[in-house]
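Throughout, protein chains are lettered first and strands after them, A, B, ... in sequence-line order, and every chain is numbered starting at 1.
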Amino acid sequence: MRESKDFLRTIVEEDLKLGKYNEIVTRFPPEPNGFPHIGHAKSIAINFGIARDYNGHCNLRMDDTNPTTEDTKYVEALKDAVQWLGFEWGDDVYFTSDYFPKIYDYAVELIKMGKAYVDSLDEEEIREYRGTVTEAGKRSKYAQRSVEENLDLFQRMKNGEFKNGEHVLRAKIDMSAANMKMRDPLLYRIRHAHHFRTGDGWCIYPMYDYAHCLSDYIEGVTHSICTLEFENNRDIYNWVLDELGLKLPRPYQHEFARLGINYTVMSKRKLLELVDGGQVSGWDDPRLPTIAGYRRRGYTPESILNFCDQIGIAKANSMVDVSQLEFCIRDDLNTKVPRVLCVLDPLKVTIENYEGHEEIDAPYYPHDVPKEGSRKMPFSKEIYIERDDFMENPPKDYFRLTPEQPVRLRHGYIISYKEVVKDANGNILEIKVKYHPESKSGSDTSDIKVKSAIQWVSAQEAKPIEVRLYDRLFSCEAPEGIQDINPNSLQVIKNAFVEPAVITEKPDERFQFERHGYFYADPVDSTDEKPVFNKIVGLKDSWTKKTKTTESAPKLQAKKIQIEGEETSMSKTQKTRFDKYTDELGLNSEIANILARDEQLSSFYEEALSLLNSPVSIANIVVNEVARELKEQQLDQLKFSAKQITQLVKMVNDETISSNIAKQVFEEMAKSGENPTQIVETKGLVQISDPSKILPIIDEVIAKNPDNVLKFKAGNTKLLGFFVGQVLKVTDGKANPTVVNELVADKLATC
RNA sequence: UGGGGAUUCGCCAAGCGGUAAGGCAGUGGCUUUUGGUGCCACCAUUCACAGGUUCGAAUCCUGUAUCCCCAUCCA
C-alpha cells in the first residue's frame, strides 16, 4: 500500500474503526455488453485491491438486467480480464439475474407499502411528465391505483399478459424532486426478450437503480464503489434500501473519477465504433486500450496494476498522460526481459578484412539486471546494420558510424568506414568497412575510442521476421471519433532481421530489441516459420527527441484571465441593514454584506448584539463560525444560543482565551450545546500569556529542531510559523499566539 | 437554466489552521559497449479568482469563474 491513502480507503478504515462492518465486501459489477478496457482495470484494482488490503473479499458480479444487449461472450472476456490481472473471485461468478426472484419479492413489498405503483403511461408521456431540470414534473394519474390493483397488474406483467411498454413499475417518490433521478424512477419494465442466462423465464426486468442496490445488499457488500456519473443515482440507492427497512448492515455507495487517457478513447460506444467500422482488427487490436488489446500487444498485468496504483483515486475528472502508462511497462520489462539485436531497416555491410566465421558469446542481460544467461551470436564478413546508424554527412552530435568515426558492433568488434556503394540515384546500397581484430568486446587492446555501440546481425544466419510498429491510435489528445484517427498508427515491417537465438532458443516471449524498444511475439499470428513481433513500447530516446524538439516551435500560452461575475443586488431591507452595520456598528463591508443578505444570520447577530455591545467581534464569529453550522441545519436546530456566543466573545475580549481556543470551544458548543464558560473551565483552556511559562517551551522546541533553526537563519522566514505552531501544539493551543510570536522571533534572532 | 460534483506544477496526486509530499513529463550532470538503465541535482514564495476571519489560510467564511454529471422503459 502507498503511504498516503486514497479517500476510499480512508472511508473503509473509518467504517472499520466505527465497527460498522465486521468484514469488508466489495464487488466489481460490469454489465456484460462489451469488452473490458483499462478503465475497468482501474475499477478492478480498486475493488479487489481494497478487499485484499482489509482482508475482506470482492465479488465478481455480472450486472445482467438488460437482456437485449448482453451476451455470454462478454462475461468470458470479463472473467479473463480479472484473472489475467491476477485476482480471484472465489468459487462463483455472481449474476444479478440470479437474484431476480428476490428482487421481485422486494418489489411486491414496496407495492404493499404503497411505495410503488404500476404506471400505464407510454414512453413519450413518461418523458413529458418527468418535467425538466428547471420545471417540476407531474405525477401520472395511474399513481392513484390501489395496492390490490397494483399487485394484480404487477403479477400479470410478470405472467406475460402485456406487451412491451404497456406498463412499468415505478417507485412513488417525488415528481418535483430537484434530483431528476428521484422523479418516480422506473423499477421494472416489460421486455419479451431472451436472456442469455434466464432464457425466457422472465418477461419483466428490473432497472439498474433498483437491482443494483439490492444485489449489493443480498451479497452483503459493504462498500459499493462506482464512477462519478452515478452520483445522482445515490439517492435512489439509499431510498430503496431505507424504505424496505432491511436488516443492517447495509451497503453504501461511493463514487470516484473514471480513468481517461489522452490520445485514445475509453467509451464502449466509441470502442465499438472502431471495431465495427474496421478501423482496427478487433477487440484485441494492440492499439486499443482494451485489456485484450494491451495483453496482445505485450503489456504485463503487473505494469497495468502498477499504473492503476500510480494514478491514484480521486473525484476530479482527469486525463492521464499516456507517458505514465508507457513508463510503467518499460519499468516492469527493464528488469525482466532478455536483450537481443534486431535490425529493422537493414543496410548491408561488408567487412573487407574479415574472413571466415566465429560465434560471439553475449549475455542476455546488461550489467545492471541481475539475471543470468547468454547466447552465441554468429559473426561473419557480411552483416546488416540499421540504415540510420550510418551517415555520410552527420550533424555534430551524431555518435554512430561516419566516414570519420568508427563504431562498435555491440558485443563484437570495432569497425571503420572504407567506402560506400550507391545506385544511380545516389541511394546507399552497401558500405564497405574494415574491422579491428584486437578490438573484440571483452578483450579489447586496440585503444580505439568509439562513441557508441550499434546493433547488427550476421547476413547469413539472421532470421527474417515481421515487426509491427504501433503508434498512438489518434493524433489528438481528446479524440472525438474516427476523423481524429492517426493514419500511421500501424507500420508493418516485413523484412526485419533478428539474431537467430530469438527464434531457435526462445529464451522468453518478450524481448528488448536493443536501442529500439520492447517487443512481444504476437500470440495470434506468430509462428516458427513466420515469426511476428509486436512493438510494446519504445525505449526512452533522448537523441531523436532532442533533434525533433528543436524543430517544433515552443507554444506560448496566455494566462487565462478571469471574468468577474456580478453579485446579485440587494433588496431594500438588506440595503438598510447593510448601511446600519457599516455606518453605526463599524463592521467592514464584507462582513456587513454577508450579514445583511442572510435573514437567519442577521437575526441571530442582532439577538446577540442586544446582549453584549461588541458589534465587530460578534459579527466576525457569526459570519465565520455560526454560518457554517447554518449550512447544515436551521436556526432553531442549533445546539447553542446567541447568549452563549456572547459569553464566548466576552472571554475573547477580555483575553481569557485566545481566538484559537475560541474556535475549539465553539466546535464543542456546536456539538454538545454546553456553556462556553463551562467548557473553558472543565478543560482548563485559559490562555497562557506569561513569558516565563512560555520561554522554556520555546527553548525546548528550538533544541529539538536544529535543522530548521539553520534554515530559518539562512533566510527561510516561513519557518517562524513552524516554530509558533510547535509551541502552540505543546501547550494544546493555550499559549497566547501573539506573545509566542514575539518571543520566538526574539529567540531565533539571538540564539 | 434547478440539483449534484470538481478545481493544488505541462499530466496525475498528497495535504483537512503551523516548512506546498510523491510519481510521470521536462532540464542539466555523473555512470554506461543500449543516446537504455542507474545515480545526483533542478523543476509551485503559491493552491481557479476576489474579498473576509486569524499571530498564521491550499485548508475556515462569503462571493465569482470554469469544467463534469442528471430530463434512456441503458448501465
Pairs of donor and acceptor atoms involving the side chains of residues 332-344 of chain A, under 3.5 Å and at least two apart or interchain, shall be tabulated with distances.
residue: Asp332(A); atom: OD1; partner: Lys336(A); partner atom: NZ; Å: 2.8
residue: Asp332(A); atom: OD2; partner: Thr300(A); partner atom: OG1; Å: 2.4
residue: Asp332(A); atom: OD2; partner: Lys336(A); partner atom: NZ; Å: 3.0
residue: Asn334(A); atom: OD1; partner: Arg339(A); partner atom: NH2; Å: 2.8
residue: Thr335(A); atom: OG1; partner: Asp332(A); partner atom: O; Å: 3.4
residue: Arg339(A); atom: NH1; partner: Asn334(A); partner atom: O; Å: 2.9
residue: Arg339(A); atom: NH1; partner: Val337(A); partner atom: O; Å: 2.9
residue: Arg339(A); atom: NH2; partner: Asn334(A); partner atom: O; Å: 3.2

Consider the side chain of Lys711(A), meaning its heavy atoms from C-beta on, and name the nucleotide among rU19(B), rG23(B), rG2(B) that approaches it most closely. rU19(B)
Tell me, please, which residues at least two apart from Phe154(A) pass ring pair (Phe, Tyr, Trp, His ring centres under 6.0 Å). Tyr104(A), Tyr188(A)
When all nucleic acid strands are considered with a 4.0 Å heavy-atom cut-off, which category describes Ile591(A): base, sugar-phosphate, or nothing? sugar-phosphate
Once you apply a heavy-atom cut-off of 4.0 Å, does Ile594(A) come out as touching a base, just sugar-phosphate, or nothing? sugar-phosphate
Thinking salt bridges, do Lys315(A) and Glu231(A) make one under a 4.0 Å N-O criterion? yes
For Arg410(A) and for Val623(A), find the nucleotide of RNA chain B with the closest heavy atom, then tell me which residue's nucleotide is more 5'. Arg410(A)
Qualifying side-chain hydrogen bond (donor to acceptor under 3.5 Å, both in side chains) pairs with a residue from residues 445-454 of chain A, counting only residues at least two apart or across chains: Asp444(A)-Ser446(A)
May I ask you to say what Asp541(A) touches in the nucleic acid, namely base, sugar-phosphate or nothing, with a heavy-atom cut-off under 4.0 Å? sugar-phosphate
How is Phe722(A) classified with respect to the nucleic acid when contacts are heavy atoms under 4.0 Å: base, sugar-phosphate, or nothing? base
Is it the case that the ring center of Tyr364(A) lies less than 6.0 angstrom away from the ring center of Phe511(A)? no
Considering every strand and a 4.0 Å limit on heavy-atom distances, what is the contact class for Tyr413(A): base, sugar-phosphate, or nothing? nothing
How far, in whole Å, is rG36(B) from rC30(B) if one measures between their P atoms? 13 Å
Classify the side chain of Asn708(A) versus the base of rU19(B) as yes if they form a donor-acceptor pair under 3.5 Å and no if they do not. yes
If I pick the C1' atom on rG56(B) and the same atom on rG18(B), what distance separates them, to the nearest angstrom? 7 Å
Identify, between Ala314(A) and Asp368(A), the residue whose nearest nucleotide on RNA chain B lies closer to the 5' end. Ala314(A)
What integer number of Å spans the C1' atoms of rU8(B) and rA57(B)? 14 Å
Sugar-phosphate, base or nothing in reach of Gly442(A), heavy atoms under 4.0 Å: base
Pairing partner (Watson-Crick or G-U wobble, both distances under 3.5 angstrom) of rA13(B): none
Sticking with atom C1', work out how far rU66(B) lies from rU31(B), rounded to a whole angstrom. 48 Å
Have a look at Ser452(A) and say if it touches a base, only the backbone sugar-phosphate, or nothing, with a 4.0 Å heavy-atom cut-off. sugar-phosphate
Checking all strands, does Glu326(A) fall into the base, sugar-phosphate, or nothing category for heavy-atom contacts under 4.0 angstrom? nothing
Can you list the residues that meet the ring pair (Phe, Tyr, Trp, His ring centres under 6.0 Å) rule with Tyr413(A), with sequence neighbours excluded? Phe379(A), Tyr435(A)
So which pairs with a foot in residues 175-187 of chain A pass side-chain hydrogen bond (donor to acceptor under 3.5 Å, both in side chains), sequence neighbours left out? Tyr117(A)-Asp184(A), Arg139(A)-Asp184(A), Asp174(A)-Ser176(A), Asn179(A)-Asp235(A)
Short side-chain N/O contact to rA20(B) OP1/OP2 from Lys718(A), under 4.0 Å: yes
Could you state the atom-to-atom distance from CG of Leu409(A) to P of rU33(B) in whole Å? 16 Å
Pairwise C1' distance, rU59(B) and rG17(B) [rounded to whole Å]: 7 Å
Write down the protein N/O and nucleotide N/O pairs, taken from nucleotides 55-60 of chain B, whose separation is under 3.5 Å; answer none if there are no such pairs.
residue: rC55(B); atom: O2; partner: Asn741(A); partner atom: ND2; Å: 2.6
residue: rC55(B); atom: N4; partner: Asn660(A); partner atom: ND2; Å: 3.4
residue: rA57(B); atom: N6; partner: Lys663(A); partner atom: NZ; Å: 3.3
residue: rC60(B); atom: O3'; partner: Arg628(A); partner atom: NH1; Å: 3.3
residue: rC60(B); atom: O2'; partner: Arg628(A); partner atom: NH1; Å: 2.3

So Tyr518(A) and Phe513(A), ring pair (Phe, Tyr, Trp, His ring centres under 6.0 Å) or not? Walk me through it. CA-CA 6 Å; Tyr518(A) 294 96; Phe513(A) 291 172; 9.8 Å; no
Got a salt bridge between Arg400(A) and Glu386(A), using NZ or NE/NH1/NH2 to carboxylate O under 4.0 Å? no
Would you tabulate the pairs of protein nitrogen or oxygen atoms and nucleotide nitrogen or oxygen atoms of nucleotides 4-6 of chain B closer than 3.5 angstrom?
residue: rG5(B); atom: O2'; partner: Glu231(A); partner atom: OE2; Å: 3.1

Across all strands shown, which nucleotide pairs with rC47(B) by Watson-Crick or G-U wobble geometry, both distances under 3.5 Å? none
Would you please name every residue forming a salt bridge (charged side-chain N to carboxylate O under 4.0 Å, His left out) with Glu229(A), sequence neighbours left out? Arg258(A)
Taking the P atom in each of rU54(B) and rA44(B), what is the distance between them to the nearest angstrom? 32 Å
What's the closest nucleotide to the Trp543(A) side chain, out of rU32(B), rG35(B), rG26(B)? rG35(B)
Report the nucleotide, chosen from rU34(B), rG23(B), rC12(B), that has the shortest atom-to-atom distance to any side-chain atom of Gln324(A). rG23(B)
Between protein and nucleotides 73-75 of chain B, what N or O pairs are separated by less than 3.5 Å?
residue: rC73(B); atom: OP2; partner: Arg130(A); partner atom: NH1; Å: 3.2
residue: rC73(B); atom: OP2; partner: Arg130(A); partner atom: NH2; Å: 2.8
residue: rC73(B); atom: N4; partner: Glu123(A); partner atom: N; Å: 3.2
residue: rC73(B); atom: N4; partner: Gly165(A); partner atom: O; Å: 3.1
residue: rC74(B); atom: OP1; partner: Arg191(A); partner atom: NH2; Å: 3.1
residue: rC74(B); atom: OP2; partner: Arg189(A); partner atom: NE; Å: 3.2
residue: rC74(B); atom: OP2; partner: Arg189(A); partner atom: NH2; Å: 2.8
residue: rC74(B); atom: OP2; partner: Arg191(A); partner atom: NH2; Å: 2.3
residue: rC74(B); atom: O3'; partner: Arg189(A); partner atom: NH2; Å: 3.3
residue: rC74(B); atom: O2'; partner: Asn66(A); partner atom: ND2; Å: 3.1
residue: rA75(B); atom: OP1; partner: Thr65(A); partner atom: OG1; Å: 2.7
residue: rA75(B); atom: OP1; partner: Arg189(A); partner atom: NH1; Å: 3.4
residue: rA75(B); atom: OP1; partner: Arg189(A); partner atom: NH2; Å: 2.9
residue: rA75(B); atom: OP2; partner: Tyr208(A); partner atom: N; Å: 3.1
residue: rA75(B); atom: O3'; partner: Asp63(A); partner atom: OD2; Å: 2.8
residue: rA75(B); atom: N6; partner: Lys181(A); partner atom: NZ; Å: 3.4

For residues 121-132 of chain A, the side-chain hydrogen bond (donor to acceptor under 3.5 Å, both in side chains) pairs (sequence neighbours left out) are Thr132(A)-Thr134(A)
Of the nucleotides rA71(B), rU33(B), rG63(B), which one has an atom closest to the side chain of Thr132(A)? rA71(B)
Output all residues satisfying ring pair (Phe, Tyr, Trp, His ring centres under 6.0 Å) with His516(A), sequence neighbours left out; order by chain, then residue number. none
If you look only at distance, which donor and acceptor atoms sit under 3.5 Å apart when one is on a side chain in residues 624-632 of chain A and the other is two or more places apart or in another chain?
residue: Asn624(A); atom: ND2; partner: Asn620(A); partner atom: O; Å: 3.0
residue: Glu625(A); atom: OE1; partner: Arg628(A); partner atom: NH2; Å: 2.7

